[in-house]
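Being a predicted model, the structure only gives us computed values, none of them experimental. Naming convention: chains lettered A, B, ... in sequence-line order (proteins, then strands); numbering from 1 in each chain.
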2 protein chains.
Amino acid sequence: MKWVNNMTHRVRRTMPLLPISIVMQLTELTARQIRYYEEHELISPARSEGNKRMFSLNDVDALLEIKDFLDQGINIAGIKKIYDLRAQPEIEKTAPQTITDAELRKILRDEILNSKSLDRGGIRQGDLSRFFK
Amino acid sequence: MKWVNNMTHRVRRTMPLLPISIVMQLTELTARQIRYYEEHELISPARSEGNKRMFSLNDVDALLEIKDFLDQGINIAGIKKIYDLRAQPEIEKTAPQTITDAELRKILRDEILNSKSLDRGGIRQGDLSRFFK
DNA sequence: TTTTTATGTCAGAAAACCTAACATAAATTT
DNA sequence: AAATTTATGTTAGGTTTTCTGACATAAAAA
């Protein structure tokens with residue numbers, strides 16, 4: 001017999017559920033790093049009544065992505081620009097975007113030039129697999 | 001384009017993620033109630049290094065079920081017995097279980113006699129729907 | 001070489017959580 | 001009916017966690 005109260009697969013991705021200590025474990029980032037990324041507006045975790053940061057699963061996803069970008073040599077400004085571009089996908093491929101477009105090319109070019117042939121093959125977010133099934 | 005870091009649907013149900021404040025919101029139980037149920041071994045939430053309770057999604061499910069049982073008039077002892085019986089499903093329907101079985105019947109009988117015709121129709125855990133999609 | 005970036009570390013304060021104790025209404029037992 | 005038990009409320013004192021802000025620093029960029 002199955003029971004009714006199974007919320008596991010229904011939790012909203014945007015619900016602020018997790019304290020920073022748990023997010024540190026899930027992402028292997030320090031509190032300092034997480035706060036720094038928020039300071040630079042890469043994430044906007046919710047706050048408890050007492051001003052403690054509360055993170056959603058989407059926030060965790062975002063942090064893992066930020067970590068990945070940084071590991072790839074992209075800097076905070078670059079990540080922010082990528083996010084900005086993601087936010088307006090409808091203007092994409094229409095009129096040229098003056099400076100914005102050029103900036104993106106520069107970012108991408110720099111990324112290629114900076115890649116340092118790290119070649120971290122295959123295993124993406126490998127360590128996290130121990131947390132998942 | 002989809003991104004790789006989507007942990008949302010892969011979080012282990014048993015991972016201790018949530019502080020008691022969040023569990024209070026999710027279940028609409030007080031901290032006192034949650035701690036009392038733990039004291040009576042209906043749940044066993046994990047602990048942080050500093051001894052703070054950390055709850056898994058399974059724990060939340062369990063608490064919602066406990067709440068439901070209590071609302072139905074079943075007391076803590078009854079819930080515990082139900083859990084015990086659930087833990088040995090293989091003995092079920094075989095040899096008579098002496099006292100255990102009789103105790104269960106008493107519980108069920110008492111539940112029926114105590115039902116007070118509350119008749120809380122249909123809507124199960126209704127309020128929680130606002131938390132889910 | 002100077003500046004910027006990303007992160008470490010520390011301090012003091014506030015919030016969240018802990019256990020333990022006492023209080024109590026409602027239900028149960030005697 | 002009186003005494004006890006159950007499930008929960010409340011309060012107090014102590015510990016853990018998190019906060020902001022400041023200063024420090026290695027590596028990268030200008």
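Whole-Å rounding puts the A:E39 CD to C:dT5 P distance at 12 Å. D:dA28 atom C1' lies 14 Å from atom CD1 of A:I76, rounded to whole Å. Taking atom CD of A:E41 as the reference point, atom C1' of C:dT5 lies 17 Å away to the nearest angstrom. Atom C1' of nucleotide D:dT6 and atom CG of B:L70 are separated by 11 Å, given to the nearest angstrom. Atom CG in B:L63 sits roughly 15 Å away from atom C1' in D:dA7 (whole-Å rounding). As a whole-Å value, the separation of B:I66 CD1 from D:dT8 P is 10 Å. Here the P atom of nucleotide C:dA6 and the CD1 atom of A:I34 are 16 Å apart, to the nearest Å. Rounded to whole Å, the distance from CZ on A:F69 to C1' on C:dA6 is 18 Å.
Side chains of A:I34 and A:M24 form a contact here, defined as non-hydrogen atoms less than 4.5 Å apart.
The shortest heavy-atom contact between B:F55 and B:P19 is CD1-C, 4.2 Å.
The main-chain N or O of A:I22 is never found under 3.5 Å from a side-chain atom of A:Q25 such that the two would form a donor-acceptor pair. Between the side chain of A:D59 and the main chain of A:S56, a donor-acceptor pair closer than 3.5 Å is present.
Not counting sequence neighbours, the partners of B:R53 by the salt bridge (charged side-chain N to carboxylate O under 4.0 Å, His left out) test are B:E38. Take A:K67 and apply the salt bridge (charged side-chain N to carboxylate O under 4.0 Å, His left out) test, not counting sequence neighbours, and it matches A:E28. For the side chain to side chain donor-acceptor pair (under 3.5 Å) test, no residue two or more places apart in sequence or in another chain qualifies with A:S21. Residues meeting the side chain to side chain donor-acceptor pair (under 3.5 Å) test with A:S48, sequence neighbours left out: none.
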**OP:** Convert the base pairs of DNA chain C into dot-bracket notation, remembering that pairs crossing earlier ones are written with [ ] and that bases paired across to another strand are shown as |; include only Watson-Crick or G-U pairs under 3.5 Å.
**Re:** ||||||||||||||||||||||||||||||
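At the phosphate of C:dT7, neither OP1 nor OP2 sits under 4.0 Å from any side-chain N or O atom of A:Y36. The shortest distance between the side-chain N/O atoms of B:Y37 and the OP1/OP2 oxygens of D:dT8 is below 4.0 Å.
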Original post:
Once each nucleotide of nucleotides 11-20 of chain C is scored for protein heavy atoms under 4.0 Å, what B/S/- sequence comes out, 5' to 3'?
Top reply: ---BSSBSB-
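We find that B:R86 and B:E65 are joined by a salt bridge, their nearest charged nitrogen and carboxylate oxygen being less than 4.0 Å apart.
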